[in-house]
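Residue indices begin at 1 and follow the sequence shown.
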Amino acid sequence: MTVLIFKSNIIKKTNIEFDVNLTHAEDSLFFLQALLNAKDIIVIHDMVYKVNYVNNSSVRSVNENQFGSYISKIYEIYKIYGFSKNVYDELSAFVLNQVLIVLVNNIYSVDNDKSIFSLLKYEKKILNEQIVQESLNNISFKYCDKKRKLLFHLMQKHRYYLLGLICRQKSRMNKRKG
């Protein structure tokens, strides 16, 4: 989980606002825009707070249309800003982490009773989105933990079924926590 603290003048100077048309991850898009306008960024790798899982939260109920609109907004940011390699790596990881959230909390949710074939079809569709493919091709694994490296490698190698099994298991674990 990421916690961001930044100076309010970033928002005031750039007129960054939450996109009220997004129903999912509008805070992520807002924070991404704020980070891209920041002069300095400091990363602290300490646990700042504990996450409580709520099974019917908006993060756990994203659908295909919501995901598509969210990804298109991130793609707009890619086109607007020129990025250094480090920023591009972080954005690639960000996009892939959002894909994992959708896979665990929606597609392979234990509450999703669709057939495995329809789930795999939906997973393939998401993983073949242009921005996801670009992220998979450009991600640096330097700062990824082992679990994420494995999942991102499965995405790169088109191991849809195995990725789906892992995401379903994570969904079960999340449900037990909730």
Side-chain angles (χ1 to χ4, degrees), residues 1-2 4 14-38 41 43 58-109 112 114-168 170-171:
M1 204 38 87
T2 303
L4 301 170
T14 59
N15 293 320
I16 300 170
E17 295 180 344
F18 282 90
D19 187 338
V20 296
N21 296 317
L22 287 178
T23 57
H24 171 70
E26 65 282 353
D27 56 338
S28 298
L29 186 61
F30 175 86
F31 290 135
L32 182 58
Q33 290 172 315
L35 286 173
L36 291 171
N37 285 288
I41 299 171
V43 178
S58 63
V59 169
R60 295 185 186 345
S61 61
V62 65
N63 66 37
E64 186 174 346
N65 294 332
Q66 292 167 326
F67 182 74
S69 70
Y70 176 60
I71 289 295
S72 69
K73 293 290 183 180
I74 294 175
Y75 199 66
E76 286 177 30
I77 293 174
Y78 269 108
K79 291 190 283 187
I80 293 170
Y81 295 94
F83 300 127
S84 68
K85 175 68 174 135
N86 289 342
V87 172
Y88 196 68
D89 287 344
E90 289 300 319
L91 286 173
S92 295
F94 176 80
V95 167
L96 297 177
N97 280 316
Q98 296 303 311
V99 169
L100 287 174
I101 289 169
V102 170
L103 291 175
V104 170
N105 298 323
N106 179 261
I107 297 175
Y108 292 106
S109 166
N112 192 340
K114 293 182 182 172
S115 74
I116 189 67
F117 298 109
S118 63
L119 299 177
L120 286 168
K121 183 178 176 182
Y122 186 15
E123 177 188 352
K124 287 178 187 179
K125 180 179 180 194
I126 287 175
L127 292 176
N128 285 308
E129 291 277 346
Q130 182 180 354
I131 193 167
V132 175
Q133 285 298 305
E134 288 175 14
S135 296
L136 286 169
N137 290 333
N138 295 306
I139 190 161
S140 167
F141 293 105
K142 188 167 44 171
Y143 300 110
C144 294
D145 59 32
K146 289 179 183 178
K147 177 178 65 174
R148 295 234 189 298
K149 281 182 188 177
L150 170 66
L151 295 171
F152 295 162
H153 276 297
L154 291 174
M155 288 179 187
Q156 286 176 324
K157 301 296 182 185
H158 307 287
R159 303 292 190 252
Y160 303 115
Y161 187 75
L162 184 55
L163 181 61
L165 289 175
I166 293 169
C167 290
R168 177 61 69 116
K170 178 64 176 165
S171 177

Sequence-distant partners of Asn112, side chain to side chain donor-acceptor pair (under 3.5 Å), two or more places apart
none

Return the NZ to CZ distance between Lys147 and Phe152, rounded to the nearest 0.5 Å.
10.0 Å

Working to the nearest 0.5 angstrom, can you tell me the gap between Lys170 NZ and Ile166 CD1?
12.0 Å

If you compare all heavy atoms of Val132 against all heavy atoms of Ile126, which two are closest, and at what distance to 0.1 Å?
CG2-O, 3.5 Å

Please examine the side chains of Asn106 and Tyr122, heavy atoms only from C-beta on, and report whether any two atoms are closer than 4.5 Å.
yes

Locate the shortest heavy-atom distance separating Cys144 from Ser140; write the atom from each residue and the value.
SG-O, 4.0 Å

Closest approach of Met155 to Leu136 (non-hydrogen atoms, all atoms of both residues):
CB-CD2, 3.5 Å

When rounded to the nearest 0.5 Å, the distance separating CZ of Arg159 from CG of Leu151 is 14.0 Å

Pairwise distance CD1(Ile107) to OG(Ser118) - rounded to 0.5 angstrom:
10.0 Å

Minimum side-chain heavy-atom gap Cys167-Leu163 below 4.5 Å:
yes

Taking side chain to side chain donor-acceptor pair (under 3.5 Å) as the test, write out the residues that go with Gln133, two or more places apart.
none

Lys149 NZ: over 12 foreign heavy atoms closer than 6.0 Å:
yes

Are side-chain heavy atoms of Leu100 and Arg148 found at a separation under 4.5 Å?
yes

Distance-minimising heavy-atom pair for Ser171 and Ser109
OG-CA, 3.2 Å

Could you tell me the separation between the CG atom of Leu96 and the CD1 atom of Ile139, rounded to the nearest 0.5 Å?
5.0 Å

Between the CG atom in Leu119 and the CZ atom in Arg168, the distance rounded to the nearest 0.5 Å is 6.5 Å

Heavy atoms, side chains only, cut-off 4.5 Å: are Tyr108 and Leu165 in contact?
no

